[in-house]
Enquirer: 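This is the structure, below, for whatever I ask next.
By convention here, the first residue in the shown sequence is residue 1. Reckoned from all heavy atoms, side chains included, excluding hydrogens, waters and symmetry mates. For clarity, every value in this text was computed on a predicted model and none was experimentally measured. Counting starts at 1 for both ligands and their atoms, in listed order.
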Amino acid sequence: MKFISLNEWGVFPYNLDKPLFIAGPCSAETPEQLEATYGGIKAEGNLVAMLRAGVWKPRTRPNSFEGVGAESLPWLVEMRQKFGMPITIEVANPAHVRIALEHKVDVLWLGARSTVNPFTVQEIADELEGIDIPVMVKNPINPDLELWVGAIERLYNAGIRRIAAIHRGFSTHSKSKYRNEPMWQIPLELKSRYPDLPLICDPSHIGGTRELIAPVCQKAMDLNYEGLMIETHCNPDEAWSDAKQQITPQRLGEVLNGLQIRGSSSDNPEFIDQLAVLREKIDRIDKNLIEDLSMRMKLVTEIGDYKKANNVAVFQVERWIEVFQSRPEWAEKLGLSKDFTAQIYKLIHDESIRVQTTRQ
Ligand code: PEP
Ligand code: MN
């Protein structure tokens, strides 16, 4: 898959020399709320390049506010005119797509509860077949990279090339300070598979509280994300949905202006030289690691043969208990995390068993 960069989407009011910032309320509530929120965002200067709002809201339980629906689209269209900025909304079925297209919404997004369901994604993709509109795809609720990739592929197969991925965190059972665990390794794995796929962070749904917005934004910038989507409301405490995580336009300005935005590379020759030196050292260490691992596996094979000759089972539990205990302890003394070392030894153990059993 080959994707079009955000700057070539042709929908933003100015060239994105910094990351793409998207802001707006969780839900469109009233024309007055939209105008106060977007007006506040605009008053912070040319920081934000696209306005968001939820028109249809996926709610966990019935009888909570499910969005104003199609009635709010004309309000959004008016806001686009008034503030000269593109608008983006969530679509969760083909009817939503049709209504959004009728109102010439600039960019669509698929929510986490849609990405999780290949039937829904396919229905939306079928509706979009042959229509050239940018679509952002939120990660599925559960930490499953393949589902996320699958949704992107379904849209791609429908001919959509202006696609971005939105990282909004993952639902887990473990108690956490986050509303949705970021699990940064998942979006980063997506990015390493598709380096030209723009990656946008949604700190609001990751954090779930106002205090976590700024640190999560900074983390995303440190990881070189191409954008941020931040829920912003003129009166967050009174918001009809996600009140706890929305921030005021003024706070949004502070958060965005306070971000340290790092370049993805530097032209400074001193930096380039020093980076090359460090990378060479890493390459040497990696070669040694691989040589040591290879030697270790050769010994494992030898032991396997020896066990077989003496009619002894491959797996000896006491030995592995000792290995699993000692290695993380050795590692900790050298400043490595015990957890990390335990994970490495779990992989080494699995491979050792595999190698030995193929020789039985
Ligand atoms: C939203 O952006 O308001 C939303 C419903 O998000 P998610 O699909 O990530 O839960
Ligand atoms: Mn929300």
Enquirer: Take atom CD of Gln185 as the centre, draw a 6.0 Å sphere, and report whether it contains more than 12 heavy atoms from other residues, nucleotides or ligands.
Expert: yes
Enquirer: Check contact between Gly54 and ligand 1, using heavy atoms of the residue and a distance below 4.0 angstrom.
Expert: no
Enquirer: Under 4.0 Å from a heavy atom of Arg52: give me the atoms of ligand 1 that qualify, with their elements.
Expert: 1 (C), 2 (O), 3 (O)
Enquirer: Looking just at side-chain N and O atoms, do Ser176 and Glu181 make a donor-acceptor pair shorter than 3.5 Å?
Expert: yes
Enquirer: What's the spacing between Ser171 OG and Arg179 CZ if we round to 0.5 Å?
Expert: 9.5 Å
Enquirer: Given Glu90, Lys138, Glu231, identify the one with the heavy atom nearest to atom 2 (O) of ligand 1.
Expert: Lys138
Enquirer: Leaving waters out, which protein N, O or S atoms fall under 2.8 Å from the Mn ion (ligand 2)?
Expert: Cys26 SG, His205 NE2, Glu231 OE2, Asp242 OD2
Enquirer: Hey, is CD on Glu146 packed in by over 12 heavy atoms from elsewhere, all under 6.0 Å?
Expert: yes
Enquirer: Numbering the atoms of ligand 1 from 1, which are under 4.0 Å from a heavy atom of Cys26?
Expert: 3 (O)
Enquirer: Quick check on Phe340: does its CZ atom have over 12 non-hydrogen neighbours (other residues, nucleotides or ligands) under 6.0 Å away?
Expert: no
Enquirer: Taking 4.0 angstrom as the limit and counting only heavy atoms of Gly111, give me the atoms of ligand 1 inside it, by number and element.
Expert: 8 (O)
Enquirer: Name all residues meeting the side chain to side chain donor-acceptor pair (under 3.5 Å) criterion together with Lys2; count only those two or more places apart in sequence or in a different chain, and write none if there are none.
Expert: Asp196
Enquirer: May I ask you to decide if the ring planes of Phe3 and Tyr194 are parallel, tilted or perpendicular, using 30° and 60° as cut-offs?
Expert: perpendicular
Enquirer: So is there a nitrogen or oxygen of Asp202 less than 3.5 Å from a nitrogen or oxygen in ligand 1?
Expert: no
Enquirer: If you round to the nearest 0.5 Å, how far is CG of Asp126 from CG of Leu155?
Expert: 10.0 Å
Enquirer: If you have a sec, work out which protein heavy atom is nearest atom 9 (O) of ligand 1 and how many Å separate them, to one decimal?
Expert: Arg168 NE, 2.6 Å
Enquirer: So, is Ala112 polar-close to ligand 1, with some N/O to N/O distance under 3.5 Å?
Expert: yes
Enquirer: Judging by distance only, is a nitrogen or oxygen of Arg113 under 3.5 angstrom from one on ligand 1?
Expert: yes
Enquirer: Considering only non-hydrogen protein atoms, determine which one is nearest to atom 4 (C) of ligand 1 and report residue, atom name and distance to 0.1 Å.
Expert: His205 NE2, 3.5 Å
Enquirer: Donor-acceptor pair, distance only, cut-off 3.5 Å: does the side chain of Thr37 make one with the backbone of Cys234?
Expert: yes
Enquirer: When rounded to the nearest 0.5 angstrom, what is the spacing between CD1 in Ile213 and CD in Gln246?
Expert: 9.0 Å
Enquirer: As an exercise, identify every atom of ligand 1 less than 4.0 angstrom from a heavy atom of Lys57.
Expert: 1 (C), 3 (O), 5 (C)
Enquirer: Give the ring-plane orientation class for Trp9 versus Phe12, where under 30° counts as parallel, over 60° as perpendicular and anything between as tilted.
Expert: parallel
